[in-house]
Each structure stands twice: as structure tokens, then as C-alpha cells.
Student: 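Sharing a structure below in C-alpha cells format, with a few things to ask.
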Amino acid sequence: MLDRLLYMFTPSTTPSVLLVIGKFGATIHVLHLLPEKSTIKCFSLTTPSSTTTFRHGGAIEQAREQIGVVTLHVGDGETADGFLDDVETRIRKLRNDSLSSSPAQLQIGSFEVTQLVQDVLQPAALDVIHEREGRERSIHATQTYPVFVVRIIRSRAGRILTEPTSIS
């Protein structure tokens, strides 16, 4: 009976994951995987310089890991959004490949999000980072950005911004 009462008064949370390019305390560019809908939303936002933990739109950071750095040829017109677009394309390919080999329906939970990070998000991001490492250095301006995987919980399923900008 006590367990049932605690369950009724404990707010439910929905885990998810973000790929963030940029430095916290400045403008960051975010790719948000919504596992419950199998969709990807991309947006940019400016975080306060006092930010140590990502909190936005009902989402609260649980863990953050820097997985690499990416150098963009900004003088040649390359942008963080273009980088996220390439990662999104790679994610869609990896998801399609994994769904055709094991068509089990994706369930929401921390284990499933962990699998999503290990099997899809991190490999896709690292592939795009490594592709950019092999290029010749631009004679125009370049900018290097850290790339993070940020695990979040949300108070409800769905996007964390009311008006996200989607690359797709």
C-alpha cells in the first residue's frame, strides 16, 4: 500500500539524450533524440555563464560526457547546424540499419536510452567528427567546438522547447 501511495505522488520522468556542440555559458547547438517518438529535434540556445548543469524546458541534466572536439571551417561557411545535420543523417541510417536487423519496438527507459547512445548517437557523432579531422586545413577562419553527450530527464515526454528549430 505504501509503495502504491509513493508511486502516486512521485513525479514520473522520461529519460532522453542530447548531443551538444559548443561551450556551456555561451550559445550551444543541440540535437535532441526523442526516443518515445523516434524523432530528432535540433535547436540553438544561449546558456547563462553561471550554468553548470543543463536545465531547460522541464529537462534536467543527469550526466555529461565530452566525446570529442570538432573543427569547423567557418570561414568557408561551415556551421554547427551543418555538423548536426550530418550527425542526424548518420543517426537515421544507423537506426534504419538496426531496425531492419532487430525490429523490436523501442521502449523508454534509462537502459534503452543508454543503448541508443552506445549504438546510435555516439557512433554517428564520432564518425562525423572523424570525417572532419581528415580534411585539409582551411586557409580561412576555423573554429573548434567541444562535443558532448548529455543525458537528461524530462518531466514529460516530448520536446524540451516549445518552438525548436529542426534541421530535418
Side-chain angles (χ1 to χ4, degrees), residues 15-100 106 113-154 158-168:
S16 192
V17 64
L18 309 173
L19 182 72
V20 176
I21 177 173
K23 295 180 179 146
F24 288 85
T27 298
I28 58 173
H29 305 272
V30 181
L31 182 146
H32 180 200
L33 288 177
L34 290 100
E36 66 275 3
K37 295 182 179 182
S38 293
T39 59
I40 300 168
K41 298 293 179 183
C42 295
F43 56 92
S44 298
L45 61 103
T46 301
T47 58
S49 59
S50 61
T51 299
T52 57
T53 301
F54 181 89
R55 289 178 179 267
H56 192 76
I60 300 169
E61 177 181 329
Q62 297 298 296
R64 180 188 313 174
E65 175 188 3
Q66 184 172 344
I67 61 167
V69 295
V70 63
T71 299
L72 301 178
H73 296 178
V74 294
D76 296 333
E78 199 169 46
T79 65
D81 289 339
F83 171 79
L84 291 179
D85 189 28
D86 291 348
V87 172
E88 181 177 357
T89 299
R90 190 68 50 95
I91 287 170
R92 291 189 189 287
K93 181 181 179 340
L94 289 172
R95 269 191 168 171
N96 290 340
D97 292 348
S98 69
L99 284 176
S100 63
L106 181 65
V113 170
T114 299
Q115 284 300 121
L116 191 61
V117 170
Q118 291 174 351
D119 296 346
V120 178
L121 179 64
Q122 193 161 331
L126 290 173
D127 282 351
V128 175
I129 289 169
H130 294 313
E131 280 178 359
R132 283 170 166 70
E133 286 175 349
R135 299 180 300 174
E136 286 188 34
R137 184 140 177 99
S138 174
I139 60 169
H140 303 291
T142 61
Q143 180 71 44
T144 301
Y145 297 93
V147 180
F148 300 92
V149 170
V150 180
R151 296 168 197 269
I152 60 170
I153 56 169
R154 299 166 288 153
R159 57 188 177 207
I160 60 176
L161 286 178
T162 55
E163 292 294 326
T165 303
S166 178
I167 292 176
S168 53

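For this chain, numbers begin at 1 and follow the sequence in order. Remember, predicted model here, so these are calculated numbers, not experimental data.
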Student: Work out which heavy atom in V87 is nearest to a heavy atom in L31; give both atom names and the distance.
Tutor: CG1-CD1, 4.2 Å
Student: When rounded to the nearest 0.5 angstrom, what is the spacing between OH in Y145 and NE2 in H29?
Tutor: 5.5 Å
Student: Can you find a heavy atom in the side chain of E61 that is under 4.5 Å from one in the side chain of L18?
Tutor: no
Student: Under the rule for salt bridge (Lys or Arg N to Asp or Glu O under 4.0 Å), what residues qualify as partners of D119, not counting sequence neighbours?
Tutor: none
Student: Once ring-ring contact (aromatic ring centres under 6.0 Å, His included) is applied, do any residues pair with F148, and if so which ones, sequence neighbours excluded?
Tutor: F24
Student: Mind checking the NE2-CD1 spacing from H32 to I40? Nearest 0.5 Å is all I need.
Tutor: 10.5 Å
Student: Between CG of L121 and CG of L126, what distance do you get to the nearest 0.5 Å?
Tutor: 9.0 Å
Student: I want to check something: taking the side chain as every heavy atom from C-beta on, are V30 and L19 in contact at a cut-off of under 4.5 Å?
Tutor: no
Student: Taking all heavy atoms of A124 and all of I91, pick out the closest pair and write down the distance.
Tutor: CB-CG1, 3.6 Å
Student: Any side-chain heavy-atom pair from V20 and R64 closer than 4.5 angstrom?
Tutor: no
Student: For the side chain of R151 and the backbone of S16, is there at least one donor-acceptor N/O pair under 3.5 Å apart?
Tutor: no
Student: Can you name the residues that form a salt bridge (Lys or Arg N to Asp or Glu O under 4.0 Å) with E78, not counting sequence neighbours?
Tutor: R132, R135
Student: Which pair of heavy atoms, one from I67 and one from A125, lies closest together, and at what distance?
Tutor: CD1-CB, 3.8 Å
Student: If you look at every heavy atom in I152 and A59, which pair is closest and at what distance?
Tutor: CD1-CB, 3.8 Å
Student: What heavy-atom pair brings A80 and L72 nearest, and what distance separates the two atoms?
Tutor: N-CD1, 3.5 Å
Student: Run the side-chain hydrogen bond (donor to acceptor under 3.5 Å, both in side chains) test against T89 and tell me which residues pass, sequence neighbours left out.
Tutor: none
Student: Looking at every heavy atom in both V17 and V117, which two are closest together, and how far apart are they?
Tutor: CG2-CG2, 3.5 Å
Student: Quick check: does any side chain N or O of T47 sit under 3.5 Å from a backbone N or O of A26, one acting as donor and the other as acceptor?
Tutor: yes
Student: Report the residues that fulfil side-chain hydrogen bond (donor to acceptor under 3.5 Å, both in side chains) with T142, sequence neighbours left out, ordered by chain and then residue number.
Tutor: R137
Student: With sequence neighbours left out, what residues match E65 under salt bridge (Lys or Arg N to Asp or Glu O under 4.0 Å)?
Tutor: none
